[in-house]
Peer 1: 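Have a look at the structure that comes next, please.
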Amino acid sequence: MGEKQKVEEYPAGLKWTKQRKRVYQILQEATEPLSAAQIYARMDAWEQENYAISTVYRILAAFEENHLLEKTTWMGEGTIVYELRHPGHVHYAVCLDCHRRIPLEHCPLHMAGTHLHANDDHADAEVDDFTVVSHKIELYGYCKECQKNH
């Protein structure tokens, strides 16, 4: 009996063109969030056909509209990066020298679903009874390699 061919699973709700499948695969294989330019470069390296970067932006917009990815702007750089939406969430430590992004194993803040309360006279009234539903944290510093230079 012949070997079974692996069937790729893609989320429902979209027409899965060759280009969309490739962008999805690139995001699945990524170890950190990628910019549209990085995704385009990886697509270009794999494909025999030439695609415009606008194709990548349209695909990312469709993925975002269908809640398949997270879109973040890296602080200090202004670069928009994308990663597939995962159960739970990931935070990153960002090296100020080499700009490497290191995923944190554990969330340093476990507040989703909790309330913030103004506890003292100096607290901002806007914070009182604020319900936290999500958060993003980026830690900035120097990776092990770059610490040697400081």
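Since we're looking at a predicted model, the values are computed, not measured.
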Peer 1: Check whether any side-chain heavy atom of Val94 sits under 4.5 Å from a side-chain heavy atom of Leu139, and report yes or no.
Peer 2: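 Val94 vs Leu139: side chains apart.
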Peer 1: Mind checking the CD-OH spacing from Gln28 to Tyr10? Nearest 0.5 Å is all I need.
Peer 2: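 Output value for this atom pair is 7.0 Å.
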Peer 1: Please round to the nearest 0.5 Å and tell me the distance separating atom CD of Gln147 and atom CG of Asn149.
Peer 2: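 The CD atom of Gln147 sits 10.0 Å away from the CG atom of Asn149.
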Peer 1: Taking all heavy atoms of Tyr142 and all of Leu96, pick out the closest pair and write down the distance.
Peer 2: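 Closest heavy-atom pair between Tyr142 and Leu96: CE2-CB, 3.8 Å.
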Peer 1: First locate atom CG of Leu60, then atom CD1 of Ile39, and finally report the distance between them rounded to the nearest 0.5 Å.
Peer 2: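 If we round to the nearest 0.5 Å, Leu60:CG and Ile39:CD1 are 4.5 Å apart.
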Peer 1: Compare every heavy atom of Pro103 with every heavy atom of Thr31, then report the nearest pair and how far apart it is.
Peer 2: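 Between these two residues, the closest heavy atoms are O-CG, 4.4 Å.
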Peer 1: Let's go through Ile102 and Cys95 carefully: what are the C-alpha distance in whole Å and the side-chain angles of both, what is the deciding distance for side chain to side chain contact (heavy atoms under 4.5 Å, CB included) to 0.1 Å, and is it a yes or a no?
Peer 2: CA-CA 8 Å; Ile102 303 159; Cys95 180; 5.7 Å; no
Peer 1: How close do Pro33 and Val81 get, counting heavy atoms only, and between which atoms?
Peer 2: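 So the minimum-distance heavy-atom pair works out to CB-CG2, 3.5 Å.
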Peer 1: CZ of Arg100 to NZ of Lys144: how many Å apart, nearest 0.5 Å?
Peer 2: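 Going from the CZ atom of Arg100 to the NZ atom of Lys144 covers 10.0 Å.
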Peer 1: Quick one: do the Arg22 and Gln25 side chains pair a donor with an acceptor below 3.5 Å?
Peer 2: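 Gln25 and Arg22 do have a side-chain donor-acceptor pair below 3.5 Å.
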Peer 1: Go through Gln19 and Met43 one step at a time and tell me if the side chain to side chain contact (heavy atoms under 4.5 Å, CB included) criterion holds.
Peer 2: CA-CA 8 Å; Gln19 295 92 343; Met43 256 184 104; 4.0 Å; yes
Peer 1: Would you call the rings of Phe63 and Trp16 parallel, tilted or perpendicular, where under 30° means parallel and over 60° means perpendicular?
Peer 2: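 Phe63 vs Trp16 ring planes: tilted.
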Peer 1: How many angstroms lie between atom CD1 of Ile59 and atom CG of Leu27, to the nearest 0.5 angstrom?
Peer 2: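 CG of Leu27 is found 10.0 Å from CD1 of Ile59.
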Peer 1: With sequence neighbours excluded, what pairs up with Ala62 under the side chain to side chain contact (heavy atoms under 4.5 Å, CB included) test?
Peer 2: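 Partners of Ala62 under the side chain to side chain contact (heavy atoms under 4.5 Å, CB included) test: Leu14, Arg20.
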Peer 1: Glu70: what forms a salt bridge (charged side-chain N to carboxylate O under 4.0 Å, His left out) with it, not counting sequence neighbours?
Peer 2: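 Listed in chain order: Arg85.
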Peer 1: Tyr40 and side-chain contact (heavy atoms from CB on, under 4.5 Å): which partner among Thr55, Ile53, Val23?
Peer 2: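 Running side-chain contact (heavy atoms from CB on, under 4.5 Å) over Thr55, Ile53, Val23 with Tyr40 returns exactly one hit, Ile53.
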Peer 1: Going through the distances and angles, do Leu34 and Glu83 end up as a side chain to side chain contact (heavy atoms under 4.5 Å, CB included)?
Peer 2: CA-CA 7 Å; Leu34 301 173; Glu83 68 181 327; over 6 Å; no
Peer 1: Is it the case that the side chain of Gln38 and the backbone of Ser35 share a donor-acceptor pair, with hydrogens and angles ignored and the cut-off at 3.5 Å?
Peer 2: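 Yes; judged by distance alone, with no hydrogens or angles, the pair exists.
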Peer 1: With clusters defined by side-chain heavy atoms of hydrophobic residues (ILVMFWY) lying less than 4.5 Å apart, directly or transitively, does Tyr82 cluster with Leu84?
Peer 2: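 Linked within one cluster.
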